[in-house]
Amino acid sequence: MNEKNLYQPDMIEPKWQAYWEEHGTFRQYDREEKYYVLDMFPYPSGAGLHVGHPKGYIATDVLARMKQIQGKAVLHPMGWDAFGLPAEQYAIKNKIHPRIAVEENIGTFKSQLAKIGFTYDWEREINTTDPKYYKWTQWIFLQLWKAGLAYESHEPINWCSSCKTGLANEDLEQGKCERCGSEVEKRPLRQWVLAMTKYADRLLYDLDTPLLEWSPSIKEQQRNWIGRSEGAEVVFSVVDTEEQVRVFTTRVDTIFGCSYVVIAPEHPLIQKQAEKIQNLSLVEKYREQAKNKTELERTELSKEKTGVLLEGIQVVHPFTNTHLPVYVADYVLATYGTGAVMGVPAHDERDYEFAEKYNLPITTVIEECVVTEGDRDDAYQPAEETVTRENVAIALYNPKTESFLTISWKAFVMKGVVTGGLEEGETLEDCARREILEETGYKNVRFVGTSDIKKHTKFFHRGKKVNRHAIWNFAFFELVDEAREEMSIEDQSQHEVVWVEKKKIKDYFTVAEARFAVELFLAHETKKALTGDGILVNSGEFSELSSVEAREKMIVWLEQEGLGQKKVNYKMRDWTFSRQRYWGEPIPLIHCADCGVVAVPENELPVMLPEVESYEPNDSGESPLANILEWVNVSCPECGKEAKRETNTMPQWAGSCWYYLRYIDPTNSTALVGKEVEKKMMPVDVYVGGTEHATRHLLYARFWHKFLYDQGVVSTIEPFMKLVNQGLILASDGRKMSKRWGNVINPDEMVGEFGADAFRLYEMFMGPFTQSIAWNTDGLMGTRRFLEKVWRLQEKVVNNTDTSQQVVNSLQMTIKKVALDIEEFKFNTAISTLMILVNTLEKETEVSRETFETLLVLLAPFAPHMTEELWQKMGHKESLFLATWPEFHPEKIIEGEVTLAVQINGRVRGEVVVAKDTDEATVREMALKNEKVKPYLEGKEVKKVIVVANKIVSIVVA
RNA sequence: GGGCAGGUGGUGGAAUUGGUAUACACGCUAGUCUUAGGAACUAGUGCUUCGGCUUGAGGGUUCGAGUCCCUCCCUGCCCACCA
């Protein structure tokens, strides 16, 4: 090969990057069908990019380039999420203004990205810190405020003393500040809050919109975060007062087991009834301790539950009217539900632990019940009459053989243990002995004991043709010796007695009561509190109802009596939206002594972030903006009197809540997005980013989007249709890339050494896109070698030449697979298919121009620079990215012969080569006569031959 | 403790209506060539006691299982006293 024709990416790549920018190759917005592919825009941090960052960007770029060649109007933008603590922290540390730092960092990021060759439309670049942008962030806030969805609150919130700002719940990680890892304390603070819980149900239920193609894991994380639970609020009135304690419970069916009530240390009852509390100083001491604990300490799982009895206070159980004690305990969270719970030790593990420690009564009011359901002849028929019977189920164990006695019925499939109906006045032991003797004949059994746990089953009694509700008692025996009495003919004909080993017993039974008997005997019932649903006992008129029925009926009763109501609670809280920091969007409100809180008029937006001498945060609970009097002091827009600006700023997540809308119409000065273009471009077809945004950005953005939908600003209920989460690129040592470990690999160096195309190809070839994989520069060398191979192929290109059928087949398969795989983010297999095609072409002496150009188009999304160069060398004047994507022609694939494996008893013993679609009989003959197969058939009888057309022949011999 | 994802050669990984497990690439071995480079090319590369054995372990269904069913083990991520 001559010198001039070497593959030199450093010569090719900058040339085409400039060409595309200059010619606006990727601004084909007039095309009819749109395709919006979006990356999560980055923080322009001071550290610059490492090789992990561009992985997602390359993926969207590959997709964008393919869609462009496929004729779509592709929108593939990029911007900067530059407000917020990290940018500010960086600026403080390096003693420069955040604005300057952000500008510098954006410069670094952009130059790093430019080298990789993205199709980003920089005319649509967005920067959340640009006043022209945050004008609209402020505008949205005002609409939220006008709609009553932004409100001022003085509740205690999470305060990070190191970052010196309030934080939202979403900003905590294991109870610590997500930014700096400091413990977070509770601090009462004036703050602005967005009523996100008003959208909780829509945020939850719209996750099930069929078109929302998100990973199950992210959907589940959002569901858990929203944490919807249905239950009831129940009133416990305080004895001798007008006071009430309202508790929230999802298990109102267990209320007859409630033996005390617990309130959170912050609960107002303590202050209101202080004079009645006889041990007030002790209670106050406990509250003080609780207050000083961090959220983390309070919720530590290993921690033993503590609490203090409120002496002198009692509450009335709404159903039984008995008086119950009240405890204050910090395992009850003030911020969830009503800050008070009912203690039902028998059916809640936390309550059980607490009750054991403080010697509180543990009353069982729910018993497990197994209802036979489904398509079987003993399934319970809810419509039919039910007969209730008290029974005993017997576990009889033979220690010598480690076996249990079981009974197997003959008339139908039923494997169980000895059981019987309990007669009037009979003890469990007597009844059990009688049944063992009658049903099995064993005489010498030793009584071991009974269980105080009862269980229930509901089924259709096949013998008696009636629904049966069986209440099971359990009795346990051991076999002393084998002595047996003769069983009656009747009993013998009905069932047989089988001893089953302990090891195998678990899966042996077909009826629940037998399983229970054995489990209870083996003491597998270790759980102290029965937390599942079941059947009610000891619950007055509600006894015998199922948990589900009881919940309904009890709530109806409570509502009638005015003692409670149905209630839905969420784990998700309203969004604490103000930060006491400088580097964020100013909240566009004004406080006037006369008019209260007043909106900044829309025509005065944006409220510009003022220049300030010191933007360092402080402990005052106000932002540094509060010190700039000439900015703070304004006249009230309504009455004109002296007033003050709101000095809190918005959290870093504000700008990213709607940025995808601004890309569509970035320069619109009259609306955040024009209605026409919004309709054309939304929703985002594919959104790519990391999983770390599952419960913040992705939840916040969905919330704002739904609000904007309600306001008529956007036309879709969800912003992002398909969401793909890339896996990390780890360092070669398997750890995360981090300055701390000194294992960071810089993309600039890799691109410089191997070229952008090899780099792009490698990142896509490493493995499944969503998986985390360690970096390996040797692999990058491999993709570079592949590109060299493609480069050399150009020498074999001939204008008119016959193309072998093998090449045609390979090419067609590649056309089909590359497009499918890119669409599904299976880039690694798309590339391996291209490699196989290139390996095939390499073996040919000549390659037709058509074949080669098809290869270039298929490869172009991954290696745009080299393919564009070769495309030009093939004589094209226009960009490859304005060419058309090859169509898949299945009819061109002609497979003359196929190879079928021949299996004998499941093992491959030979193969036959036949014309495609040869009939079964012929294939069968050929397989049986095959030289390699014959020896295995010698002296054996061929029982069966299965021929799967064009795939396999399976011979069964004996 | 709960949820989700996953476990296949020396390595990253392929394989979907169940049909020849290990495609593609890296690495390694031997050779060819050489203006001596992380080059290119050729051949080989799961294990093996050469009978066979192999997809975390064990069982099941099937002519046939990485793929379906049951039991168990392990890893990663997320959530975690939410009543």
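Naming: A, B, ... by sequence-line order, numbering from 1 per chain. Keep in mind that this is a model prediction, so the values were computed, not measured.
Between the CZ atom of A:Arg784 and the C1' atom of B:G37 there is a distance of 12 Å, rounded to whole Å. The interatomic distance linking A:Lys951 (NZ) with B:U20 (P) rounds to 8 Å, in whole Å. In this structure, A:Asn169 atom CG and B:C79 atom C1' are separated by 13 Å, rounded to whole Å. Between A:Ile836 atom CD1 and B:C24 atom C1' there is a gap of 6 Å when expressed in whole angstrom units. In this structure, the CG atom of A:Asp778 is 12 Å from the P atom of B:G38, given to the nearest Å. Note: CH2 (A:Trp775) to P (B:A25) measures 18 Å, nearest angstrom. To the nearest angstrom, P of B:A83 lies 13 Å from NZ of A:Lys567.
The side chain of A:Thr695 places no N or O atom within less than 4.0 Å of a non-bridging phosphate oxygen (OP1 or OP2) of B:C79. Residue A:Arg792 places at least one side-chain N or O under 4.0 Å from the OP1 or OP2 atom of B:C41.
Using atom C1' as the reference point in both B:C33 and B:U42, the two lie 11 Å apart (nearest Å). Separating the P atom of B:A21 from that of B:C81 is a span of 50 Å, rounded to the nearest Å.
At the heavy-atom level, A:Glu842 lies under 4.0 Å from the strands shown only through sugar-phosphate atoms.
Look at A:Arg696 and A:Glu170 and you find no salt bridge, because none of the NZ, NE, NH1 or NH2 atoms lies under 4.0 Å from a carboxylate O.
Checked against salt bridge (charged side-chain N to carboxylate O under 4.0 Å, His left out), A:Arg909 has no partners two or more places apart in sequence or in another chain.
Taking the six-membered ring for Trp and the full ring otherwise, the centers of A:Tyr260 and A:Phe354 sit less than 6.0 Å from each other.
Aromatic ring pairs are classed by plane angle as parallel below 30°, tilted from 30° to 60° and perpendicular above 60°; the pair A:Trp775 and A:Phe759 is tilted. Note: A:Phe827 and A:Phe769 have perpendicular aromatic rings, judged against thresholds of 30 and 60 degrees for the angle between ring planes. Between A:Tyr358 and A:Tyr327, the ring-plane angle classifies as tilted under the 30° and 60° cut-offs.
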Reading RNA chain B 5' to 3', what string of ( ), [ ], | and . shows its pairs, if Watson-Crick and G-U wobble pairs count only when both distances fall under 3.5 Å? (((((((..(((......[....)))((((((.......))))))((....))..(((((..]....))))))))))))....
Quick one, give me the B/S/- string for nucleotides 5-15 of chain B, reading 5' to 3', where B means a protein heavy atom under 4.0 Å from the base and S means that only happens at the primed atoms, P, OP1 or OP2. -------BSS-
